[in-house]
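Notes follow the structure.
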2 protein chains.
Amino acid sequence: MTQESIRVLVVEDHHVVRQGLVALLNVVDGLEVVGEAADGVEAIAQFRKCQPAITLIDLRLPRLSGVDVIQRIRMETPNARFIVLTTYDGDEDIYRALQAGARAYLLKGMTTDELIATIRTVHAGKSYIPPAIAQRLAERMGTEELTPREFDVLEQIVHGKSNKEIATELEISEATVKTHINSLLGKLGVTDRTQAATAALQRGIVTLESLRKPKP
Amino acid sequence: MTQESIRVLVVEDHHVVRQGLVALLNVVDGLEVVGEAADGVEAIAQFRKCQPAITLIDLRLPRLSGVDVIQRIRMETPNARFIVLTTYDGDEDIYRALQAGARAYLLKGMTTDELIATIRTVHAGKSYIPPAIAQRLAERMGTEELTPREFDVLEQIVHGKSNKEIATELEISEATVKTHINSLLGKLGVTDRTQAATAALQRGIVTLESLRKPKP
DNA sequence: TTTCGCCTCAACCCATTGGTGGAGTCCAGA
DNA sequence: TCTGGACTCCACCAATGGGTTGAGGCGAAA
């Protein structure tokens, strides 16, 4: 029978990668790339215009992050289906993307077959998380969430600030900073600030990019 | 006149990206993708077989790193021309790639025009480093090299070890560890071990990946 | 050979950090 | 209203970390 093609929107800022995806997908029977976007804002516009069945989306995007895009689109189109396609950015991003409603999470190193199979799976209404990713998620489940304030302090730690500097920056006393640190060390399962910093980077709670440019 | 096409070898482990590059390049007049490789070992084999004029190569490769590939190929073919094409991996990698003989360094976010222009530039025997990268290189120039032992200690610091643990691990006294730390803090231009750890990660002296799996 | 950088270690000091226990406020939810 | 979590702060103590100076051994290069 003559089946409708699955309409796919590709959201990816790296031009080369986007081209690669489009090139790969367009030769596949039963798939049709109906739109492309290079940043988050464009992604939302393209989604509204193209009404794709599946949106393939990178998490790192200019202007609006992938997670934000997923959240906003799902506000107006709750049954929109997303496949996150990214290089490994840390457990935090995976977690938040799935929370936001992504149905699958693939690494850019995957094979074409894996990608296509996942698109069909998600289109059929199911989810797909690779075993390696699933394992990380499971590990993360056991851990407690950081509070907003603990996150603030952790961020400062990663930026190399001393307790005194953190206290000044956040306008609280040094004693309070120590309290937060003590608490977040426990939650992260580490014993000192240096381990906390590397753990934060590993998990993607803070990114290396954010270190390069001073915060706004 | 009928010009010979520039023979290009594409070395990239991410399948999607590799496809994207090949798709982009093959539609360009005057370029010809004569080979592809998905890891370092394959890259060397393909180079010998295809004898490309230009090798487009990622630095992060399975089995053999991009830097190693460049070094080895240049042993036997000193005038081989390489364009490094990678996501930003830290200043250290850029530096080492250029040391190894790469002629250009491009980020995956570049435009098609930029890529093609760079291929032609390098083929013409010239080099091309984007301004943003050049600036980082310049900054790096002012800094002193870490000694091997300092590097060992820095690595341990990034792995969250205490001075005592580092001393045990490296089989030296804690006093010596402190000496090395004091020295490397100065060279990195930072004031404590946490800053040293994040600086090491930023510059790519140590990678986040190496943190996940315990060292061999 | 002398020099220089690297690696090693020691002794000393003080600043920072992390651990513990306690305490008050505020706010949201049961 | 009561409970609990988050945030704030204090005091005290022990451990760790970083700064300083000085010094011996070793190997490579001048």
Distance, rounded to the nearest Å, where [X] contributes [atom1] and [N] contributes [atom2]:
| X | N | atom1 | atom2 | value |
| --- | --- | --- | --- | --- |
| A:E174 | D:dC9 | CD | P | 11 Å |
| A:I166 | D:dC9 | CD1 | P | 14 Å |
| B:E165 | D:dG17 | CD | C1' | 14 Å |
| B:E144 | C:dC4 | CD | C1' | 15 Å |
| B:E171 | C:dC7 | CD | P | 16 Å |
| A:K164 | D:dG17 | NZ | P | 19 Å |
| A:L170 | D:dC9 | CG | P | 11 Å |
| A:I172 | D:dA6 | CD1 | C1' | 12 Å |

Let me test you: for the helix from C:dT1-D:dA30 to C:dA30-D:dT1, what is the angle between the axes at its two ends (five pairs each), rounded to 10 degrees? 40°
Please list all pairs meeting side chain to side chain donor-acceptor pair (under 3.5 Å) that have one or both residues in residues 43-57 of chain A, counting only residues at least two apart or in different chains.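 Matches after skipping sequence neighbours: A:R48-A:E76.
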Of the nucleotides D:dC7, C:dT8, D:dG17, which has the atom closest to the B:S162 side chain?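 Per side-chain heavy atoms of B:S162, the pick is D:dG17.
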Nucleic acid contacts - residues 175-195 of chain B versus DNA chain C, non-hydrogen atoms under 4.0 Å: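 Contacts with DNA chain C under 4.0 Å: B:A175, B:T176, B:T179, B:H180.
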Would one find a side-chain N or O of A:N163 under 4.0 angstrom from OP1 or OP2 of C:dT16? no
Does B:R72 CZ have over 12 foreign heavy atoms under 6.0 Å away?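 No, not enclosed.
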Please walk me through it: do B:K161 and B:E155 pass salt bridge (charged side-chain N to carboxylate O under 4.0 Å, His left out)? CA-CA 9 Å; B:K161 302 289 179 62; B:E155 203 172 23; over 6 Å; no
Taking atom CZ of A:R203 and atom CG of B:L208, what is their separation to the nearest 0.5 Å?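 If I round to the nearest 0.5 Å, the distance is 13.0 Å.
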CG of B:L21 to NE2 of B:H14: how many Å apart, nearest 0.5 Å?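 B:L21 CG to B:H14 NE2: 12.0 Å, rounded to 0.5 Å.
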Using the rule given for salt bridge (charged side-chain N to carboxylate O under 4.0 Å, His left out), can you reason through B:R60 versus B:E209, listing the C-alpha separation, both sets of side-chain angles and the distance that settles it, and then say yes or no? CA-CA 11 Å; B:R60 302 273 179 107; B:E209 285 70 37; 3.1 Å; yes
Under 3.5 Å, is there a donor on one side chain and an acceptor on the other for A:T118 and A:T121?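 Per modelled atom types, A:T118 and A:T121 side chains form no pair under 3.5 Å.
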Candidate pair A:D58 and A:R18, rule salt bridge (charged side-chain N to carboxylate O under 4.0 Å, His left out), full reasoning: CA-CA 10 Å; A:D58 190 356; A:R18 192 171 68 249; over 6 Å; no
Looking only at atom types and distance, does a side-chain atom of B:R103 sit under 3.5 Å from a main-chain N or O of B:F82, one as donor and one as acceptor? no
